[in-house]
There are 2 protein chains.
Amino acid sequence: MAEGTGGSANRSIQAQVIAEMRGRIISGEIDPGDPLSELALAEEFGVSRTPVREALKQLQTEGLVEIRPRVGTFVTTPSRREITELFEMKELLEGAAARLLAQRGRVPEIDRLQENLREADAAVARDDHERYAELVGEFHDLLITGADNHKLEAHYRTLMNQLAYSRLVKTSLSQPGRPLQSDREHHLVVELIVEKDGDSAEQVMREHVRASRRALMAGLPTPGSQSSTGTAGA
Amino acid sequence: MAEGTGGSANRSIQAQVIAEMRGRIISGEIDPGDPLSELALAEEFGVSRTPVREALKQLQTEGLVEIRPRVGTFVTTPSRREITELFEMKELLEGAAARLLAQRGRVPEIDRLQENLREADAAVARDDHERYAELVGEFHDLLITGADNHKLEAHYRTLMNQLAYSRLVKTSLSQPGRPLQSDREHHLVVELIVEKDGDSAEQVMREHVRASRRALMAGLPTPGSQSSTGTAGA
DNA sequence: CTACGGTCTCTGCCATGCAAGAGAGTGATG
DNA sequence: CATCACTCTCTTGCATGGCAGAGACCGTAG
């Protein structure tokens, strides 16, 4: 379920379309609410409507687009409630991943996490938000893969895609002092994992997710006043 | 994402096919490993191959079937490892649901849980495994819906479908003394929820899932020796 | 009897055409 | 000027047909 981002070369046409469209949506290249025409996409990719149609269908089950029968296909616009729910799930899964990783003992992912922290320290020190955002993504990624539970990973990736999380990270890190605080929390989590203290690692990781959510919400523009979908607000 | 089991009447053709096939797979009407031919299904349902094909594609993203390109479509056969992972996720999500429900305070689902327990007590008392299995399903269902997190619910249902859990419940309850023990654990969980003790509710719920998993594994026939797919055991 | 090569059928994959529903735009009417 | 009804176009839904790859089966050679 929900293949990773890789594999867009020799796969079938529809697999390429899926990968391409997924990338565009989670990167923000196309905005939530935007309509997606089967015909237009088919012409753009130089294929027929059939593979495009099936690709959109899969993206629907992944929660990235919404197909309104006989009307059209649109990029999903998560409601405020859905965002809250997604963060609740993120907290849950990442907390569990931290605990599972702690239980596994010494595995390569832990080394890579520590290496990640070293680079992150440097990025924070020189105030390089761009690079730090990348490292944050890699940190959470290592945590999940380190849990060594493929189902957990698959569900996590689905969630992150729905959140278009890569876009949000930069917002939350734009809050003053947030990168430094975030970095410290990462350090603490890894420390607890190394000590094999799964319970504490989970607890701290969950608190970290809540903190990052608060930072994100604080950085969002006028929460709830503007309902514009980006195309043409009423 | 992943619509519930309801709604198979006035929806589109492919929605009906999806619901029907999903039902057959999770009920065990068709066995893991069985091949599914687009053409055969299309003829059976009296439709063309297109909606069948799209339905199978969605079932693939739900993890119920596996489409091997140019080869065929087959009902997924969960490996032993996958089953372990699925139970890990089940423990995680149901534990979280218990905690969330406890935090919500007095909601209708709690009343229904208590009513469920009364019926379950009666079923256990008269050794009615069939009815108790139903009530167990309803119990876990109430717990999840009571958490009031639609994402949690959607992911949970996907997991349960992959496990074909409804079939497994009966196996685990066939272990001597398991129904009584299970019923007691349910009581304890609800008690903690009513007391709004979310942490303990989560902990006990997770332990309950682990216990049910142990009971299930103990009841499975020769774990790992026979690789028969069930179609024609030697 | 065993091992190998070719063919043959079955599978999903994609392209195309037609039909039906939804919505916008336009015209007439009060 | 406002409102309603109609048509017209756009969208997706479904049916159908040709195509290419993978695997099974059979015939043949050693």
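The chains referred to below are lettered A, B, ... by the order of the sequence lines, with proteins before strands, and numbering in each begins at 1. Fair warning: this is a prediction, and the values are worked out from it, not measured in the lab.
Computed from coordinates, the A/Gln58 CD to C/dC13 C1' distance equals 15 Å when rounded to whole Å.
Between B/Arg53 and B/Gln14, the closest side-chain pair of non-hydrogen atoms is not below 4.5 Å. Residues A/Tyr132 and A/Arg178 are not in side-chain contact: their nearest non-hydrogen atoms beyond the backbone lie 4.5 Å or more apart.
Residues B/Gln58 and B/Glu62 bring a donor and an acceptor atom of their side chains to less than 3.5 Å of each other.
Aromatic ring pairs are classed by plane angle as parallel below 30°, tilted from 30° to 60° and perpendicular above 60°; the pair A/His208 and A/His140 is tilted.
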Could you list, one pair per line, each protein nitrogen or oxygen that sits under 3.5 Å from a nitrogen or oxygen of nucleotides 11-13 of chain D, together with the distance?
| unit_1 | atom_1 | unit_2 | atom_2 | d |
| --- | --- | --- | --- | --- |
| D/dT12 | OP1 | A/Leu36 | O | 3.1 |
| D/dT12 | OP1 | A/Glu38 | N | 3.4 |
| D/dT12 | OP2 | A/Glu38 | N | 3.4 |
| D/dT12 | O2 | A/Arg70 | NH1 | 2.9 |
| D/dG13 | OP2 | A/Arg53 | NH1 | 2.1 |
| D/dG13 | OP2 | A/Arg53 | NH2 | 2.6 |
| D/dG13 | O5' | A/Arg53 | NH2 | 3.4 |
| D/dG13 | O4' | A/Arg70 | NH1 | 3.3 |
| D/dG13 | O4' | A/Arg70 | NH2 | 3.4 |
| D/dG13 | N7 | A/Arg49 | NH2 | 3.4 |
| D/dG13 | O6 | A/Arg49 | NH1 | 3.4 |
| D/dG13 | O6 | A/Arg49 | NH2 | 3.4 |

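The OG1 atom of B/Thr84 sits 4.5 Å away from atom CE of B/Met217, with the distance rounded to the nearest 0.5 Å.
Contact check, B/Ser48 against D/dA15: a side-chain N or O comes under 4.0 Å of OP1 or OP2.
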